[in-house]
Structure formats: C-alpha cells, structure tokens
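For reference, the structure discussed in these notes is given below.
Residue numbers run from 1 in the order of the sequence given. It should be emphasised that the depicted structure is a prediction, and the values quoted were computed from it without experimental measurement. Both counts, for ligands and for their atoms, begin at 1 and track the order of listing.
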Amino acid sequence: MDLADLTAHELLTLISKREIAPKDVVKSCIDRIERCEPLIKAYLYIRDPEEIINSVREDMPYSAIPIAIKDNILVRGLPNTCASKILSNFIAPYNATVIEKLKEKSFNITGKTNLDEFAMGSSTENSAFGPTRNPWDLERVPGGSSGGSAASVAIGSSIWALGSDTGGSIRQPASFCGVVGLKPTYGTVSRYGLVAFASSLDQIGPITKDVTDCALLYSFINGHDPNDSTSLNVEPYRYSPLTGDIRGMKIGLIKELLVEGIDPSVERCIRDAVKTFQDLGAIVEEVSLPHISYSVPTYYILAPAEASSNLARFDGVRYGFRAGGKTAEEMMSNTRGEGFGPEVKRRIMLGTYVLSAGYYEAFYLKALKFRNLIAGDFKKAFERFDVLISPTSPILPFKLGEKVENPLEMYLSDICTIPINLAGLPAISIPCGFVNNLPVGLQIIGPVFSESRLFEVAYGFEQAMPFHKRRPQLGGNTYGV
Ligand code: GLN
C-alpha cells in the first residue's frame, strides 16, 4: 500500500507522530494521478503538481491531505466547466462557501473532477469532455453525476473529495466506486458557489474512503451561511470520535426498495447487512413507504422544472461560450443549441413544458403534492425507526454505453436515492459487499439533522464488515500502468 491508499485520519495520525512527512502524501497522490489518470479520467482540470506540493505547510496538517472538487463547485481562479461546452472557458471569479471554509484550514486542492453535464445523469457519460471510468472495472461507469470525485477517491488520486447530490449524485457514484458518500440534510451545507441544477434538491457533500473521514469532512463544510437563503441557522455538526455502538437501535428496511428490477446479488448483500446489524444488537424490521414508488416521476417533473429556470442564465451574454448570430436572439439560440448537450436540452424542454400555462397544475403542482406525501411517509416511518436502510442502487455498476440510448432506464435506476432529496433528509452510502469484484453500496437514511446518528450506524457496520479497506488494483500493475 502507498500513502495514497490511506484515509485522511490515518495520514493525519502518521503526520502528527512524525512517521511520515506531509509532502510525501501529496507526492503519493500526484504519482497516482500520473499513473492512473490516463485510464480513469477522473479530472477535468489538474493543478500544476509543483504548486500542489508547494501548497503544503508544516503548520497546517490539512494542506497535506489532497482534496478533489467536483467541477460545479467554484474555486476562485480555476476553470469551472460543469462538464459543459457552454462553460468551457469559464474561470470561477470567487470561492464557493464550502471552499472558503476549506481554505481556512489550508486544504490543498488537486483539481476539478468530471461529472455529467450540469450534474444531470447517473454515469458521468453526459460529460461534454468524455466519460470517467470505474477503477474496479475500466469497462464500467463510475456512477454519476459525481463520478470523477468518487473514482478519484477510490484510486487515491485524491484522499477525499466534494460532490453534489440532487437525486443521488454523491451516493450512487460512491456506491459504484466502493467509497463512502454523504448527502447532508438540505440546508446544512451552503449552496453558495455551487452551480444550481435544482435548487430545492441540490446539496454539497463529502466523498471519502471511510466513515470517519466522511464525518470529519462534513464537520468542516457544514454550518449557516447568510449568502445562501436556504441555509439553516442551526447548531452545526461537530466531529467527535465515533463509537459505532448501535445496540438497541431500531432500523427499518424499506420494503418497496427491495423489489422490482433489483439485481439479486445486490439484494443478497443488503440481506447480509441486515444480519450484521442484528449481530451488532440493532432491531431490524421491514417498513413500507407507500408513496415512494412515485419518487422518480415526481423528481423528473420538479428537477427539470427548476433546471429550466436555473439554466436560463446561460445565454451567451453573461457567461462562457458564445456562438455567432445576426440578432441577439439568434446568438442566444445558437449558443444554447451548440453549448448544451442532449441530456441538458431534454431536461430544459421537459421543465419548460411542465411549467407552461395549462400544464402547470396538471404536472408541476401535482408533483409538489406527491413530494409532500413522500416526505410524510418518511416522517411516519421515523416515528418507529431511528434510521432506515435500502440499497444505494438497485443495480451493479453498468457497462459504458449500456444505458446511453435509454434515458428512462437510467432515470429509473435512481429510485433508491431520489426520495431522500425530495424529503430533504440526510443519507449516507457505505460499501456493504462485492459481487464479481464490483462494489455494492448500502444506504442509511435518517431524519433531518441526524448526521451524527448516521455516522454511528455506518461506523458500526464498517468496523464489523471492513469492505471499505479494499482498494481497486489500478495502483499496481493489473492494467499495465
Ligand atoms: N441521476 C439524477 C439525475 O440525473 C441525479 C443527479 C444528481 O443528483 N445531480 O437527475
């Protein structure tokens, strides 16, 4: 194992004991970037290695633990493309609030990671700059939309990363890449400086190798921000060492998320996870959330509606790419026509349609009502259970190109993660098994502000079943690198 294979907290301990030099960690990650990046393509932009090494400061331990940032979170002075042609020449003029917070601790950014264009997708194949590959199997997708961040953490081209999650974009790639991902409670992490996709659902969160790192990174990025009107003024989460004691805890296994189209090998892993929780002293029972099956249609009305409004600002006047045209209108139309990829256009058209007069009541308002019903199902379930569990994805990482022609199939694969965003809840995905050397993720969901409880449950599982310790063999010679 190289240093790039260790977790942040392990590295911080080694550094504090002076067993390793801070610069060695950074060098190990840069070496990983040089060897693996040509195959994985996790990054859209990588900072100059010399600069990354020179950013290490002996008195600032986090400067030695490289972090990768999804390319829809603004880092001043670095490109921010959202994997779209329309922002291909855009340089971020300011830092997102999460980046400001990390900079206070001298966090060392490796670069900006690949994503589905404007975070719309589940495979990172919708990137205008080519897909990222899954480190566990180069023929397969890393998940999406934060596929670059998840793949980078899995192969050690960064120690940890930030992603964003609107309907599963942190958890599903974490699941596909065998790492840990948290979608925080809506409003606990500032969205200021995150390029908006669907503002009522978007949330930034950590992608890490284990639960302790996840809790640590979350503690650094959460907290109230006056620059984001949806940011909540509540007591922020503060990290304290985890115990993993879950004796007596009541866990609900969501019945509706274990049927219809689930891969039997994924189901087996989840059933095994249930046994692990029982062995750890928790009580596990099935629970029904009757409206959860309406989540995908509800999401595909609300998210595109918000996206169509948010993406109206990309018109060739204010940002990035501009196409030619004889009139202003023609220029705008050409810019959007050439600048946006097919999935983004599909969503803008869907969103404009459901918001148009005559259809607003029939689609948009109805979807809002369903969103309430789904949130109500969760509320009721949390009267009986401390946390709920489900697969993160009903299917294993799929082959590149396998679902590109069938957007509906791609949409349906997000059934387990989407309801959580609709209800504004926190959920964490952790590795819970392997099938043919492909990782499977378990999703643990809690009531609002229950992040510390989620970390305990996840940590308890992780200590009992250390699947998070496996690393893909890319760093070695398996792929001839
Ligand atoms: N896959 C979902 C979508 O395409 C979720 C994406 C996300 O969370 N950003 O909308």
Side-chain angles (χ1 to χ4, degrees), residues 69-73 82-84 113-127 131-132 141-150 161-177 181-184 186 189 191 194-207 295-308 310-311 340-351 354 367 371 391-395 397-398 402-404 406-429 441 443:
I69 308 292
K70 187 176 182 180
D71 201 24
N72 61 350
I73 300 170
C82 292
S84 180
T113 54
N114 201 9
L115 64 153
D116 288 293
E117 188 176 357
F118 285 101
M120 297 175 187
S122 313
S123 67
T124 316
E125 292 168 296
N126 292 338
S127 166
T132 296
V141 302
S145 63
S146 313
S149 284
L162 290 184
S164 70
D165 191 313
T166 306
S169 277
I170 288 174
R171 291 159 287 159
Q172 186 256 20
S175 166
F176 277 19
C177 292
L182 171 77
K183 183 263 161 192
Y186 184 80
V189 179
R191 290 184 298 107
L194 166 69
V195 178
F197 162 11
S199 314
S200 77
L201 302 159
D202 300 340
Q203 199 66 181
I204 295 172
I207 298 180
S295 300
V296 175
T298 301
Y299 174 89
Y300 276 96
I301 291 170
L302 297 179
E306 294 186 30
S308 70
N310 275 326
L311 270 59
F340 288 135
E343 183 62 28
V344 174
K345 284 183 195 161
R346 199 176 291 132
R347 306 254 180 140
I348 292 174
M349 285 191 282
L350 244 174
V354 298
R371 182 177 191 170
T392 304
S393 163
I395 53 173
F398 45 90
E402 193 180 315
K403 294 193 194 296
V404 173
N406 192 341
L408 197 57
E409 206 180 296
M410 189 90 90
Y411 296 171
L412 289 172
S413 71
D414 288 334
I415 173 69
C416 301
T417 48
I418 279 176
I420 317 312
N421 300 71
L422 290 172
L425 304 173
I428 191 168
S429 176
Q443 177 173 242

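Given atom 2 (C) of ligand 1, the protein heavy atom at minimum distance is Asp414 OD2, 3.2 Å.
For the ligand labelled ligand 1, residue Tyr411 lies outside the 4.0 Å heavy-atom shell. Note on ligand 1: Met410 sits outside its first shell, no heavy atom being nearer than 4.0 Å.
Of the polar atoms of Phe197, none of the N or O atoms is found under 3.5 Å from an N or O of ligand 1, judged by distance alone. Residue Gly121 places at least one N or O, backbone or side chain, under 3.5 Å from an N or O of ligand 1. Considering backbone and side-chain atoms alike, Ser164 places every N or O at 3.5 Å or more from each N or O of ligand 1. Between Gly144 and ligand 1, not a single N/O pair is under 3.5 Å apart.
Each of the following atoms of ligand 1 lies closer than 4.0 Å to a heavy atom of Tyr300: 2 (C), 3 (C), 4 (O), 10 (O). Counting the atoms of ligand 1 from 1 in the order shown, those under 4.0 Å from a heavy atom of Gly167 are 5 (C), 7 (C), 8 (O). Set against the non-hydrogen atoms of Ala119, the atoms of ligand 1 under 4.0 Å away are 6 (C), 7 (C), 9 (N).
Ring geometry for Tyr300 against Tyr411 counts as parallel: the plane angle stays under 30°, on a 0 to 90° scale with 60° as the upper cut.
Neither the backbone nor the side chain of Arg171 has any atom closer than 4.0 Å to an atom of ligand 1 (non-hydrogen atoms only). The proximity of Ser145 to ligand 1, defined as any non-hydrogen pair under 4.0 Å, is limited to the side chain. Proximity of Tyr299 to ligand 1, defined as any heavy-atom pair under 4.0 Å, is confined to the side chain (atoms from C-beta onward). Residue-level proximity to ligand 1 for Phe118 is absent, since no heavy atom of it falls below 4.0 angstrom. At a heavy-atom cutoff of 4.0 Å, ligand 1 is contacted by both the backbone and the side chain of Thr166.
The only member of Arg171, Gln443, Gln172 that meets side-chain contact (heavy atoms from CB on, under 4.5 Å) when paired with Cys416 is Gln443. Partner Asp202 forms a side chain to side chain donor-acceptor pair (under 3.5 Å) with one of Asn72, Thr166, Asn310 and no other, that one being Thr166.
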**Message:** Please determine whether side chain to side chain donor-acceptor pair (under 3.5 Å) holds for the pair Ser175 and Ser429, giving the CA-CA distance in whole Å, both sets of side-chain angles, and the decisive distance to 0.1 Å.
**Reply:** CA-CA 6 Å; Ser175 166; Ser429 176; 4.6 Å; no
**Request:** Starting from the C-alpha separation in whole Å, work towards a yes-or-no answer on side chain to side chain contact (heavy atoms under 4.5 Å, CB included) for Phe340 and Leu311.
**Result:** CA-CA 10 Å; Phe340 288 135; Leu311 270 59; 4.1 Å; yes
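In this structure, the side chains of Leu302 and Leu422 come closer than 4.5 Å at one or more pairs of heavy atoms. The closest side-chain heavy-atom distance from Ile207 to Ile170 is below 4.5 Å. Between Pro394 and Ile415 there is a side-chain heavy-atom pair separated by less than 4.5 Å. Side-chain contact between Ser123 and Asp116: present, with at least one pair of heavy atoms (C-beta onward) separated by less than 4.5 Å.
A donor and an acceptor atom, one from each side chain of Ser149 and Lys70, are nowhere located under 3.5 Å apart.
Distances from atom 9 (N) of ligand 1 to the heavy atoms of Gly163, Gly143, Ser169 show the closest one on Ser169.
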